[in-house]
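One-based numbering, in listed order, for ligands and for the atoms of each. Predicted model only: the values in this text are computed from it and were never measured.
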Amino acid sequence: MSKQEGTVVIVGAGLAGLYAAQLLSSVVPRVVVVEASGEVGGRVKEIGGLVPWPLQLGPEFIHGSDNSVLMRVINKYGWGTKELEWPDRYYFADDKTCCGGENETEDVKWVHDFFDGILEAEGAEGESVRDVLVRSGATERQIEIAEVCYANDFGASLKRMGLPELKQEKLRWNYGEKYLLLDRPLSRLVERLAAGTDVRLGWEARAIRRCQVVDREGRSIDCDAVVVTVPHRILQDGDIDFEPPLPPDKLGAISRVSMSTAVKVFLIFRHRFWPESFWDACCPFGFLPEVWATEYDSQGRAETGAAGGAAIVGFACAERAERIAAMPEEEVVRASLAQLDEMFASRVDPKPATSAFESCHVKDWSKEPHIRGAYTFPGRGAREGDRGLLGRPLGSLFFAGEATHEGVNPCMQGALETGERAAREVLRTFRVRAERHQTKL
Ligand SMILES: Cc1cc2nc3c(=O)[nH]c(=O)nc-3n(C[C@H](O)[C@H](O)[C@H](O)COP(=O)(O)OP(=O)(O)OC[C@H]3O[C@@H](n4cnc5c(N)ncnc54)[C@H](O)[C@@H]3O)c2cc1C
């Protein structure tokens, strides 16, 4: 393929790559996005046909609405969002009790206070958040609440989490606490971002040699800059051969930053058996640490063929996800239904989940061949500043993707922000070069 001045190759068609491509396309002569899988969107994925709206296999909620590129994009398209209260309620599977967000138990309050005051917490290098909690006098019950309410949400377990990045995240989180749901499936966002972009699907980058990107079949694209947005695990596993090799400080950060595993269990029912007001529960001591019910308005429903039905999503990360992923599906169904039966039992129907059950779909993110996990989290071995090292450009080589966000923000807006940052860095480099050679970009 012949080289065209001002060509940028973006590796990965997730939110970071697509947004960087959209921003660069209006300024740079040629932008090509190469994507290893057969579809755009990366971790934004959905499954249709189970209920009358597509179910989100990956991200689902918008975390925070202030200072958010994601909200800027959503508002630009004129789309709406629905605000949710999170967590809606807690279900304690050990003693089968429940409490709402407005009447939290003393243990729940203790855990919230601990995480609110995390900046004051002290820990030795390499110490886990679980160790810090134990040292602070947390009981086993408080530790379990912290596991399902905080660690699971971070995509981790307390044993795998460390203080430095947890503090970094706390300091840099400036999006507010709102929990929002887009009024349509997230695939619409991906479609809009990808529109008009030259995306090569089934094009798996295996080598980046200065300014040439080569795929596993030996096809190559010459270019002036490369933006790498692949998931962190792909870099950790050494899928891409860099020439010149990545420097030791970047390699060190790649090895220290952790990426989680997650499993989503989709339980499909003939009808809704939970109260209409219910949408989410954190479940200490439960088989599924968090469960929720989501649906979309007419925007999402109109185009799927399925009729009737209702769905509950179970979400588990780290060791719990690994355990569920290793179980036969019948066992996952049995344990999930037992939990939901206990949560929603009534005198009329003591096993409402079992009696309404239709089907189950388990999504194990560690098996996604080009992603191999869920998202990065404040890991035990990571050091402050590691994310900055992950995102630092090397000559004509630029890095984006959720793992490279300096605020340790693995959310959708975090991914978009890194795409925006990388696009700015590419343009700055091109302008400097153009000025040096007195050419017009
Ligand atoms: C289960 C789950 C739940 C989540 N929940 C939420 C949520 O509720 N809210 C929220 O804000 N965020 C959530 N997230 C996180 C959010 O999905 C991510 O932060 C975001 O989508 C990451 O975008 P990205 O562009 O950085 O990476 P990706 O979307 O992973 O894109 C990278 C792309 O690179 C491709 N690729 C890999 N290797 C190569 C190669 N060698 N050559 C070419 N292409 C390659 C991959 O196929 C992929 O398409 C969730 C994620 C998961 C998995």
Side-chain angles (χ1 to χ4, degrees), residues 9-21 32-46 56-64 68-71 84 86 152-155 175 179-182 186 189-190 193-194 199-208 213-216 226-235 237-241 259-266 280 290 292 294 313-317 321 363-366 368-377 390-391 399-405 408-419 422:
V9 173
I10 294 176
V11 183
L15 293 180
L18 292 175
Y19 194 48
V32 182
V33 179
V34 297
E35 167 56 48
S37 74
E39 56 192 1
V40 291
R43 276 166 262 188
V44 179
K45 259 188 209 312
E46 54 197 39
Q56 303 298 310
L57 295 170
E60 201 159 332
F61 306 108
I62 299 167
H63 299 295
S68 165
V69 184
L70 178 59
M71 287 308 293
L84 302 158
W86 187 90
N152 199 60
D153 200 39
F154 271 113
Y175 308 91
Y179 226 82
L180 302 162
L181 194 61
L182 188 63
L186 285 160
L189 174 67
V190 171
L193 291 177
V199 184
R200 315 280 165 90
L201 297 176
W203 211 104
E204 184 183 348
R206 292 310 287 260
I208 299 178
V213 184
V214 184
D215 86 342
R216 58 181 307 140
V226 183
V227 183
V228 177
T229 77
V230 298
H232 190 63
R233 191 59 58 76
I234 302 297
L235 293 179
D237 290 351
D239 280 34
I240 303 178
D241 185 31
M259 182 158 162
S260 66
T261 51
V263 161
K264 269 187 165 183
V265 178
F266 297 90
D280 173 270
E290 188 177 359
W292 63 76
T294 47
V313 183
F315 183 57
C317 294
K363 175 69 186 173
D364 172 7
W365 277 89
S366 69
E368 229 359 272
H370 304 292
I371 293 174
R372 300 180 205 147
Y375 40 90
T376 58
F377 63 91
L390 292 183
F399 294 85
E402 57 85 8
T404 71
H405 194 283
V408 193
N409 178 358
C411 300
M412 292 182 280
Q413 76 267 25
L416 293 173
E417 279 178 21
T418 65

Can a donor-acceptor pair be found between the side chains of Tyr175 and Asn409 at a distance below 3.5 Å? yes

Going by atom types alone, do Glu35 and Ser37 pair a side-chain donor with an acceptor below 3.5 Å? yes

Select the closest option to [atom] among [options], judged by heavy-atom distance.
atom: atom 43 (C) of ligand 1; options: Ala374, Gly17, Ala36; value: Ala36
atom: atom 1 (C) of ligand 1; options: Trp365, Trp203, Phe61; value: Trp365
atom: atom 28 (P) of ligand 1; options: Arg43, His370, Glu60, Glu35; value: Arg43

Is there a side-chain contact between [X] and [Y] in this structure, where contact means two heavy atoms from C-beta onward sitting under 4.5 Å apart?
X: Leu15; Y: Leu189; result: yes
X: Met412; Y: Leu186; result: yes
X: Val313; Y: Lys363; result: no
X: Thr418; Y: Phe399; result: no
X: Tyr179; Y: Asp280; result: no
X: Asp239; Y: Glu204; result: yes

[X] neighbourhood, listing ligand 1 atoms whose heavy-atom distance to it stays under 4.0 Å:
X: Gly58; value: 1 (C), 2 (C), 3 (C), 4 (C)
X: Gly401; value: 26 (O)
X: Gly12; value: 33 (C), 34 (O), 35 (C), 44 (N)
X: Glu204; value: 41 (N), 42 (N)
X: His63; value: 7 (C), 8 (O), 9 (N), 10 (C), 11 (O)
X: Val34; value: 43 (C), 44 (N)
X: Gly41; value: 29 (O)

Nearest-contact summary for [atom] - protein heavy atom, Å:
atom: atom 23 (O) of ligand 1; value: Ala415 CB, 3.5 Å
atom: atom 36 (N) of ligand 1; value: Val230 CG1, 3.8 Å
atom: atom 32 (C) of ligand 1; value: Thr229 O, 3.5 Å
atom: atom 26 (O) of ligand 1; value: Glu402 N, 2.9 Å
atom: atom 13 (C) of ligand 1; value: Pro59 CB, 3.3 Å
atom: atom 25 (O) of ligand 1; value: Ala16 N, 2.9 Å
atom: atom 31 (O) of ligand 1; value: Gly14 CA, 3.3 Å
atom: atom 51 (C) of ligand 1; value: Tyr375 CD2, 3.4 Å

For His370, what residues pass the ring pair (Phe, Tyr, Trp, His ring centres under 6.0 Å) criterion, not counting sequence neighbours? none

Taken in chain and number order and not counting sequence neighbours, the residues that satisfy ring pair (Phe, Tyr, Trp, His ring centres under 6.0 Å) with Trp292 are Phe61, Phe315

Under 3.5 Å, side chain of [X] to main-chain N/O of [Y], donor-acceptor pair present?
X: Arg43; Y: Pro59; answer: no
X: Trp203; Y: Val33; answer: no
X: Asn152; Y: Cys317; answer: yes

Please work out whether any backbone atom (N, CA, C, O) or any side-chain heavy atom from C-beta onward of Arg206 is under 4.0 Å from ligand 1, and answer side chain, backbone, both or neither. neither

Using a 4.0 Å heavy-atom cut-off, which part of Pro410 comes near ligand 1: side chain, backbone, both, or neither? backbone

Would you check whether [X] reaches within less than 4.0 Å of ligand 1, judged by its heavy atoms?
X: Val11; result: yes
X: Ala400; result: no
X: Pro231; result: yes

Answer yes when Lys45 and Glu39 have at least one side-chain N-carboxylate O distance shorter than 4.0 Å, and no when they do not. yes

